[in-house]
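Heads up: numbering here begins at 1 and tracks the sequence. Here the structure is a predicted model, which means the values were calculated and not measured. Just so it is clear, the values below take in all heavy atoms, side chains as well, and ignore hydrogens, waters and symmetry mates.
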Amino acid sequence: MLRKLLTELDDERNDIFLHIDKKTQFVDQNEITSWVHYSNVFFVKRRKVFWGTYSIVECELEMLAAAVKGNYHYYHLISGTDFPLKSQDFIHDYLEEEDSEFIDFHKEGDKGDLFLYKIKYYYPLLRYVGKGEFNGVGKRQDFLRFLKKQQWKLLECQKKIGIDRIKKYRNVSFYKGNQWFSITHDFAEYILSCKKMIKKMYRFSNGPDEIVVPTIALNSQYAGRVKKKSLRLIDWERGTPYSFINSDFDELTNSQAFFARKISYDEEPLLVNRLARKIHDNKKLEKKPLVSIVVPCYNVEEFLPKCVESLIGQTYINTEIILIDDGSTDRTGEIAKQFADEHNNIYYYHRGNGGLSAARNTGIDIAKGNYIAFVDSDDWVDCNYISKLYAAISDSDADISVCGYHKEEGESGIVSFDKTDVISPKRAMMILGDIYPKENVLLVIAWNKLYKTSLFSDLRYTEGRIHEDEFIAHRILGKADSIAVITDTLYHYRIREGSITATDNGQNIKHLDLLDAFNDRISYSKCMLYGDTLIYMLYTFVEGMKILMLKYSDEAIKNNKILDSFRSKSFEILFSNYAFLNKYLKIELLRSILKTKKYRDVVIRNNNEYELTEGK
């Protein structure tokens, strides 16, 4: 959500001051800065922030202190789950002649809200526990639950003995609202001038973030400038607050608010994309954009004609078909060249044999289209393959669209999504973190997708690896704005004799590349604000290792010293990620390192027992 939000705020008239909670483990500031092109991004000193505590106020004051140095006309405080409902032009035009403070507020008892107890009593333990539930297991969770109970016991004691901190401030009228505001420069400076007083009054209070700014404003010389609206759409009737969903689109676009909260991009990417389109009033291009279809070819004289003919017959007419002859030794090059001679949108290129990844990379370098697709030369596609994938992207403003596929020859069947949907990069990463469901395969493979070509500006397929899709899947999905998935099965995937999959029966030692790909996925999760998916990627490594242990025969294990490879790769994962491993993963990795052969035997035995149980 952060990347999408910053993209919408990116404007030469804006500077962005960003605080990222210190509890977020992995933050790459250079990566975040690269998301914007016109605004300056300033990172405020990170602190741990807990909901409902004074830590929120401290964070806001630090952000204001950093921002006022720029002497801006207005300061907008928003959260990472906000999203703009108006364009930057609209917001700047609206506020150009304004000198008002946009702050939501109400008095004690209004709306049935009795809130003075939040500042009347002391809440010294709240700063350690916030308003968390702490339902997990373990000593730490037990201790936090204990602290929370003690806080509420302390509150009851204060009530009995008549504690009342408000008596010190009889000349102050207290107000409460939401903490999100749009305020002028001079009022921002006034708030900062009250910093010592704020700390004294609210340090041990409950939920001060909702009280501080409204109370300061309405007890100051700025009271007459306060408009009782925060320019935010926040619904406290349906939630705490309510998280808007796609069906709320009309309500959001008809609102006069500048921002809406809460909107989860991870859960509702289609809603966010629709709002962005509405903000920018994007219109469909009358002419369909060019789509480049890259076809790597190597010794496929028998299958290439069917493949190319399926591309020529696409109902989407604005395509270029790029045939990359990867040093074929049969008639593949001759056939491909003939197609290029007969069709003005087909291009033939010859290169020395470098493998599938090298051929795809050559196609990426050559492609001129706004969008790009990859089709393997022994496969074929339905006539509406490109048109349906493009429609999915166009309708949802996604960067990638994905369809299902048919298995052809030998192992027939259909692999497809259960429902049409738009998913966020975060959701895609979670799917990659579980290698067993079909959705994982559908997201990993290269050839059932349409991509925005710009996604490959700094990405290429890893050459010399047989699991090339695994090395790039997380990077391309993580870079995407959102991903549209459709239930249509439009691609026909052929497993033929002579391919690596068919001939080596999984004994090729290069299959160990898979573990290197999973290791890269772990590293990527650390660097790209997907820290909470890291544990899933670590599980993926362990499960991938088990699959390979089952795949390799005893003979291959012995002849290629594959157990040594398992041992060294496990050690690398354990050493570089020890702080993030849970007890189960530590034990699994240690066993695979210290007793590798015995560990494999257990994996085989457990698999055999599982298959017998399934058979029953």
Side-chain angles (χ1 to χ4, degrees), residues 288-326 328 330-349 356 359-360 362-364 366-393 400-417 441-442 445-451 453 469 485-499 501-502:
K288 299 292 187 182
L290 179 65
V291 173
S292 300
I293 306 174
V294 176
V295 186
C297 310
Y298 179 74
N299 288 355
V300 284
E301 61 180 10
E302 179 183 352
F303 308 106
L304 185 59
K306 183 171 184 176
C307 173
V308 178
E309 286 165 4
S310 74
L311 299 177
I312 294 171
Q314 289 298 296
T315 57
Y316 189 99
I317 58 174
N318 194 17
T319 64
E320 62 170 8
I321 301 168
I322 302 172
L323 306 179
I324 308 294
D325 176 13
D326 190 44
S328 298
D330 63 0
R331 293 183 59 251
T332 293
E334 179 183 336
I335 295 169
K337 192 174 185 305
Q338 184 176 349
F339 273 115
D341 290 341
E342 295 174 355
H343 299 271
N344 59 13
N345 71 324
I346 297 182
Y347 303 90
Y348 167 72
Y349 295 87
L356 178 59
R360 283 180 181 163
T362 298
I364 294 170
I366 293 168
K368 298 182 179 67
N370 304 89
Y371 296 88
I372 190 168
F374 302 99
V375 175
D376 285 357
S377 52
D378 47 358
D379 300 336
W380 70 97
V381 296
D382 288 357
C383 64
N384 53 3
Y385 175 66
I386 296 297
S387 62
K388 286 195 172 183
L389 286 175
Y390 175 71
I393 281 180
I400 303 173
S401 56
V402 191
C403 70
Y405 64 92
H406 296 265
K407 295 179 181 178
E408 304 289 351
E409 298 188 11
E411 185 184 356
S412 61
I414 290 176
V415 182
S416 65
F417 293 97
V441 175
L442 287 164
I445 52 182
W447 36 252
N448 63 332
K449 300 175 178 66
L450 183 64
Y451 310 82
T453 308
D469 293 350
V485 302
I486 58 177
T487 57
D488 305 67
T489 50
L490 307 172
Y491 192 97
H492 297 264
Y493 168 57
R494 188 201 310 261
I495 299 180
R496 60 185 176 87
E497 293 184 7
S499 68
T501 307

> Looking only at heavy atoms, which two atoms of Pro296 and Ala359 are closest? And how far apart?
Replying inline: CB-CB, 3.5 Å

>> Strictly by salt bridge (Lys or Arg N to Asp or Glu O under 4.0 Å), give each pair with a member in residues 380-392 just once, sequence neighbours left out.
In response: Lys388-Asp488

> Thr453: what forms a side chain to side chain donor-acceptor pair (under 3.5 Å) with it, not counting sequence neighbours?
Replying inline: none

> Can you name the ring pair (Phe, Tyr, Trp, His ring centres under 6.0 Å) partners of Tyr316, sequence neighbours left out?
Replying inline: Tyr390

>> Nearest 0.5 Å, please: how far is CG in Leu450 from CD1 in Ile393?
In response: 4.0 Å

>> Walk me through whether Ile364 and Phe374 qualify under side chain to side chain contact (heavy atoms under 4.5 Å, CB included).
In response: CA-CA 10 Å; Ile364 294 170; Phe374 302 99; 3.8 Å; yes

>> Applying side-chain contact (heavy atoms from CB on, under 4.5 Å), can you list everything that pairs with Thr315, at least two apart in sequence or on another chain?
In response: Cys383, Asn384, Ser387

>> Is any side-chain heavy atom of Leu442 closer than 4.5 Å to one of Val485?
In response: no

>> Taking salt bridge (Lys or Arg N to Asp or Glu O under 4.0 Å) as the cut-off, I'd like each qualifying pair that reaches into residues 366-376, sequence neighbours left out, listed once.
In response: Arg360-Asp376

>> If you compare all heavy atoms of Cys307 against all heavy atoms of Val295, which two are closest, and at what distance to 0.1 Å?
In response: SG-CG1, 4.1 Å

> For His406, what residues pass the ring pair (Phe, Tyr, Trp, His ring centres under 6.0 Å) criterion, not counting sequence neighbours?
Replying inline: His492

>> Does any part of the side chain of Ile324, heavy atoms only, come nearer than 4.5 Å to the side chain of Tyr349, both counted from C-beta?
In response: yes

>> Could you measure the distance from the CG atom of Leu356 to the CG atom of Asp469? Nearest 0.5 Å is fine.
In response: 7.5 Å

> Are side-chain heavy atoms of Ile321 and Asn345 found at a separation under 4.5 Å?
Replying inline: yes

> How long is the gap from CD1 on Ile293 to CD1 on Ile386, to the nearest 0.5 Å?
Replying inline: 4.0 Å

> How far does OG of Ser377 sit from CZ of Phe303, to the nearest 0.5 angstrom?
Replying inline: 9.5 Å

>> Show the nearest heavy-atom pair for residues Ser416 and Thr487, with the distance to one decimal.
In response: CB-O, 3.6 Å

> Are any side-chain N or O atoms of Lys306 and backbone N or O atoms of Asp378, one a donor and one an acceptor, separated by less than 3.5 Å?
Replying inline: no

>> Run the side chain to side chain donor-acceptor pair (under 3.5 Å) test against Asn448 and tell me which residues pass, sequence neighbours left out.
In response: none

> For Ser310, which residues count as a side-chain contact (heavy atoms from CB on, under 4.5 Å) partner, sequence neighbours excluded?
Replying inline: Trp380, Val381

>> Applying side chain to side chain donor-acceptor pair (under 3.5 Å), can you list everything that pairs with Tyr405, at least two apart in sequence or on another chain?
In response: none

>> Holding to salt bridge (Lys or Arg N to Asp or Glu O under 4.0 Å), I want the full list of residues that pass it with Asp326, two or more places apart in sequence or in another chain.
In response: Arg351

>> Can you list everything that forms a side chain to side chain donor-acceptor pair (under 3.5 Å) with Gln314? Sequence neighbours excluded, please.
In response: none

> Side chains of Thr319 and Tyr371: does their closest heavy-atom pair fall under 4.5 Å?
Replying inline: no

> Where the side chain of Tyr451 meets the backbone of Ala446, is there a donor-acceptor pair that is under 3.5 Å apart?
Replying inline: yes

> Step by step, would you call Ile486 with Ser401 a side chain to side chain contact (heavy atoms under 4.5 Å, CB included)?
Replying inline: CA-CA 8 Å; Ile486 58 177; Ser401 56; 6.0 Å; no

> When rounded to the nearest 0.5 angstrom, what distance separates CG in Asp379 from OH in Tyr491?
Replying inline: 3.5 Å

Distance-only check: which donor-acceptor pairs under 3.5 Å involve side-chain atoms of residues 331-341, not counting sequence neighbours?
from: Thr332; atom 1: OG1; to: Asn299; atom 2: N; distance (Å): 3.4
from: Thr332; atom 1: OG1; to: Val300; atom 2: N; distance (Å): 2.7
from: Thr332; atom 1: OG1; to: Glu301; atom 2: N; distance (Å): 3.2
from: Thr332; atom 1: OG1; to: Asp330; atom 2: OD1; distance (Å): 2.7
from: Thr332; atom 1: OG1; to: Asp330; atom 2: OD2; distance (Å): 3.4
from: Gln338; atom 1: NE2; to: Glu342; atom 2: OE2; distance (Å): 3.2

> Looking at CD1 of Ile322 and CD1 of Ile346, how far apart are the two atoms once the value is rounded to the nearest 0.5 Å?
Replying inline: 11.5 Å

